[in-house]
Amino acid sequence: MIKKLNTIFIVFVLALVTTSCSSKKPLGPDGRPLSESDLAGQYDARFGEGQIPSAEGEGIFRDIMFGYDSSSVDEYALQDLEYNMQVLQSYPNIQLQLEGHCDERGTNEYNMALGSKRAKAVQDAMIGLGFDSSRLSTVSYGEELPLDTAGDESSWAKNRRVHFAGFGEKQ
């Protein structure tokens with residue numbers, strides 16, 4: 001009986017490792033795998049005519065969320081970051097911009113600085129996990145690109161994030 005349970009456990013672990021280490025690229029809305037150029041096109045489309053992009057929620061990458069007045073990558077954020085790192089294995093040449101965002105509370109100056117700290121914290125965590133620093137850049141949008149404008153705790157929580165934007169291939 002113990003031998004059978006050990007065998008079942010080993011088969012389960014091997015199946016889990018095999019499926020979780022898959023390098024399949026995420027699928028786009030048309031059902032085909034996204035390429036680096038697809039991601040770059042999505043990034044470019046956000047800018048329209050100006051220098052500030054439109055707000056964008058999660059796509060193939062998960063946003064890294066933060067607590068009020070915090071730039072610490074907590075255990076929940078680390079799980080989302082590790083998920084993003086797995087997705088990035090499918091895109092070995094993608095350049096990433098880490099966009100720091102805040103809720104509307106606080107001054108513009110404070111929120112720009114906090115957004116920058118958040119983006120830098122995610123960048124540092126990624127480098128600590130072995131990601132190539134030459135593929136990363138950071139920007140802060142402070143409170144300027146809210147996902148949710150309701151002005152309550154629920155909306156503020158959605159706006160405290162670092163968003164991953166893939167914008168081109170590493171040269």
Under the salt bridge (Lys or Arg N to Asp or Glu O under 4.0 Å) rule, collect the residues that match up with [X], sequence neighbours excluded.
{"X": "Glu153", "value": "Arg105, Arg160"}
{"X": "Lys117", "value": "none"}
{"X": "Asp124", "value": "Lys120"}
{"X": "Arg118", "value": "none"}

#### Entry: Among His101, Glu104, Glu143, side chain to side chain donor-acceptor pair (under 3.5 Å) partner for Asn111
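Only match with Asn111 under side chain to side chain donor-acceptor pair (under 3.5 Å): Glu143.
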
How many angstroms lie between [atom1] in [X] and [atom2] in [Y], if you round to the nearest 0.5 Å?
{"X": "Met85", "Y": "Phe61", "atom1": "CE", "atom2": "CZ", "answer": "11.0 Å"}
{"X": "His163", "Y": "Ile64", "atom1": "NE2", "atom2": "CD1", "answer": "11.0 Å"}
{"X": "Leu147", "Y": "Asp103", "atom1": "CG", "atom2": "CG", "answer": "12.0 Å"}
{"X": "Asp80", "Y": "Met65", "atom1": "CG", "atom2": "CE", "answer": "9.0 Å"}
{"X": "Ile94", "Y": "Leu88", "atom1": "CD1", "atom2": "CG", "answer": "8.5 Å"}
{"X": "Glu99", "Y": "Thr138", "atom1": "CD", "atom2": "OG1", "answer": "10.5 Å"}

pair [X]-[Y]: side-chain heavy atoms closer than 4.5 Å:
{"X": "Tyr83", "Y": "Val87", "answer": "yes"}
{"X": "Phe164", "Y": "Ile60", "answer": "no"}
{"X": "Met126", "Y": "Leu81", "answer": "yes"}

Minimal non-hydrogen separation, [X] against [Y], with atom names:
{"X": "Gly151", "Y": "Ser155", "value": "N-OG, 3.0 Å"}
{"X": "Arg161", "Y": "Leu145", "value": "NH2-O, 3.3 Å"}
{"X": "Tyr141", "Y": "Met112", "value": "C-SD, 3.7 Å"}
{"X": "Ala121", "Y": "Ser71", "value": "CB-O, 3.2 Å"}
{"X": "Ala119", "Y": "Gly100", "value": "CB-N, 4.0 Å"}

### Query
Is there a donor-acceptor pair closer than 3.5 Å between any side-chain N or O of Asn159 and the backbone N or O of Asp148?
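Present.
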
### Query
Do Ser154 and Asp152 have side-chain N/O donor and acceptor atoms under 3.5 Å apart?
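Ser154 vs Asp152: no donor-acceptor pair found between side chains.
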
### Task
Can you sort out the partners of Ser116 under side chain to side chain contact (heavy atoms under 4.5 Å, CB included), two or more places apart, ordered by chain and number?
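Result, side chain to side chain contact (heavy atoms under 4.5 Å, CB included) vs Ser116: Ser140.
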
### Message
Which residues pass the side chain to side chain contact (heavy atoms under 4.5 Å, CB included) test with Ser137, not counting sequence neighbours?
### Response
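Scan of Ser137 (side chain to side chain contact (heavy atoms under 4.5 Å, CB included), adjacent residues dropped) gives Gln97, Phe167.
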
### Task
Answer yes if Tyr68 and Val73 sit in the same cluster of Ile, Leu, Val, Met, Phe, Trp and Tyr residues linked by side chain heavy atoms under 4.5 Å apart, and no otherwise.
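Hydrophobic grouping puts Tyr68 apart from Val73.
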
### Task
State yes or no: do Leu114 and Trp156 share one hydrophobic cluster built from I, L, V, M, F, W and Y residues joined by side-chain heavy-atom distances below 4.5 Å, directly or via other members?
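No, no single cluster joins them.
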
